[in-house]
> 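Quick one: the structure is below, questions incoming.
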Amino acid sequence: MGLLISLFFQSAEGFSHEGQIHQKTDSVPKSEEKVGLQRVSALYDKNVKTIFQRSCFDCHGQATRYPWYYKVPGVKQLIDRDVTEAKKHLDITNGFPFQGHGTPQKDLEAIEKSIRDKTMPPWRYLIMNGEAKISKEDKTAILD
């Protein structure tokens with residue numbers, strides 16, 4: 001697993017969004033976990049945040065930029081549903097640790113899986129937002 005995940009020293013419960021129960025955990029990290037969170041946060045700010053701003057914030061952030069076709073009936077509802085669902089899984093507005101339905105470690109594992117499986121950003125988003133595509137270099141930075 002990537003460096004970000006290995007910085008954690010916990011085995012907390014939480015669930016990914018793959019058909020499992022959503023469970024939000026708000027436990028207070030132990031001192032060594034806080035150090036791990038701080039390290040990951042610093043690496044995120046330095047190496048990943050700009051990638052996420054370009055590729056993820058429209059759905060997983062609070063400053064969604066709606067496209068010109070947002071007002072088209074049917075499309076508006078689809079986009080609203082997708083954005084609402086995306087934020088339930090992961091809201092990256094305020095940096096790391098993200099607001100998600102799992103622990104910070106589970107959120108990182110879900111991000112890693114999404115990047116490796118190329119499921120994020122979704123293809124239907126990329127059709128009209130090609131600049132959000134995650135390049136090989138971006139993928140490496142995120143996984144590192």
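As a basis for the values below, the full set of heavy atoms in this structure was taken, side chains included, without hydrogen atoms, waters or symmetry mates. Just so it is clear, the model here is predicted, and its values are computed rather than measured.
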> To the nearest 0.5 Å, what is the distance between NE2 on His89 and CD on Glu85?
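Those atoms lie 4.0 Å apart.
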> Decide yes or no on side-chain hydrogen bond (donor to acceptor under 3.5 Å, both in side chains) for Gln99 and Asn94, but give the supporting numbers first.
CA-CA 8 Å; Gln99 298 297 311; Asn94 298 315; over 6 Å; no
> NZ/Lys49 to OG/Ser41 distance, rounded to the nearest 0.5 angstrom?
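Here the interatomic distance stands at 9.0 Å.
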> Where is the tightest heavy-atom contact between Cys56 and Ile92, given as atom of each residue plus distance?
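Of all heavy-atom pairs spanning Cys56 and Ile92, the closest is CB-CD1, 3.6 Å.
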> Could you pull out the closest heavy-atom pair between Ala141 and Val48, with the gap in Å?
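That closest heavy-atom pairing would be O-CG2, 3.7 Å.
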> Please determine whether residues Phe57 and Leu108 belong to a single hydrophobic cluster, defined as Ile, Leu, Val, Met, Phe, Trp and Tyr linked transitively by side-chain heavy-atom distances below 4.5 Å.
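Yes; tracing contacts between hydrophobic side chains, which count when under 4.5 Å, links both residues.
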> Work out which heavy atom in Pro67 is nearest to a heavy atom in Ile79; give both atom names and the distance.
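The pair with the smallest heavy-atom distance is CG-CD1, 4.0 Å.
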> Write down the atom of Gln62, the atom of Asp91, and the distance for their closest heavy-atom approach.
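Reported closest heavy-atom pair: NE2-OD2, 2.6 Å.
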> Would you say Arg81 has more than 12 foreign heavy atoms packed within less than 6.0 Å of its CZ?
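Above 12, so yes.
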> Provide the closest heavy-atom pair for Val83 versus Thr64 in the form atom of the first, atom of the second, distance.
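Nearest pair, atom of Val83 first, then Thr64: CG1-OG1, 3.9 Å.
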> In Å and rounded to the nearest 0.5 Å, what is the CG to CG distance from Asn47 to Asp138?
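The CG atom of Asn47 sits 11.5 Å away from the CG atom of Asp138.
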> Under the ring-ring contact (aromatic ring centres under 6.0 Å, His included) rule, what do Phe96 and Phe52 come out as? Steps first, then yes or no, please.
CA-CA 12 Å; Phe96 187 84; Phe52 279 15; over 10 Å; no
> If you measure from NZ on Lys133 to CZ on Arg54, what distance do you get to the nearest 0.5 Å?
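The NZ atom of Lys133 sits 10.5 Å away from the CZ atom of Arg54.
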> Can Ile51 be reached from Leu90 by stepping across I, L, V, M, F, W or Y side chains whose heavy atoms are under 4.5 Å apart?
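Yes; tracing contacts between hydrophobic side chains, which count when under 4.5 Å, links both residues.
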> Do the side chains of Arg116 and Glu112 get nearer than 4.5 Å, heavy atoms only?
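In short, these two side chains touch, coming nearer than 4.5 Å.
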> The test is side-chain hydrogen bond (donor to acceptor under 3.5 Å, both in side chains); show your working for Asp82 and Tyr125 and say whether it passes.
CA-CA 10 Å; Asp82 286 351; Tyr125 178 75; over 6 Å; no
> Are Met128 and Ile134 connected in the hydrophobic side-chain network, where two residues link if heavy atoms are under 4.5 Å apart?
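In one cluster with Met128: Ile134, no.
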> Is there a side-chain hydrogen bond (donor to acceptor under 3.5 Å, both in side chains) between Thr119 and Asp117? Walk through the geometry before answering.
CA-CA 5 Å; Thr119 58; Asp117 294 349; 5.5 Å; no
> Rounded to the nearest 0.5 Å, what separates atom NZ in Lys139 from atom CG in Leu143?
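Output value for this atom pair is 6.5 Å.
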> If you measure from CE on Met120 to NE2 on His60, what distance do you get to the nearest 0.5 Å?
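Met120 atom CE to His60 atom NE2 measures 4.5 Å (nearest 0.5 Å).
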> Tell me if a side-chain donor or acceptor on Lys87 pairs with a main-chain N or O of Cys59 at a distance below 3.5 Å.
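Not confirmed, Lys87 side chain does not pair with Cys59 backbone.
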> Do Glu137 and Thr140 come within less than 4.5 Å of each other through their side chains, counting heavy atoms only?
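A side-chain contact is absent here, since even the closest heavy-atom pair is not under 4.5 Å.
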> Are Ile111 and Trp123 grouped together when hydrophobic residues (ILVMFWY) are joined by side-chain heavy atoms under 4.5 angstrom apart?
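No; tracing contacts between hydrophobic side chains, which count when under 4.5 Å, never links both residues.
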> Can you hop from Tyr66 to Leu78 via hydrophobic side chains spaced under 4.5 Å?
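No.
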> Between Pro97 and Asp107, is any pair of side-chain heavy atoms under 4.5 Å apart?
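No; the side chains remain at least 4.5 Å from each other.
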> What's the shortest heavy-atom distance between Ala132 and Pro121, and which atoms?
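Heavy atoms only, the tightest pair is O-CG, 3.5 Å.
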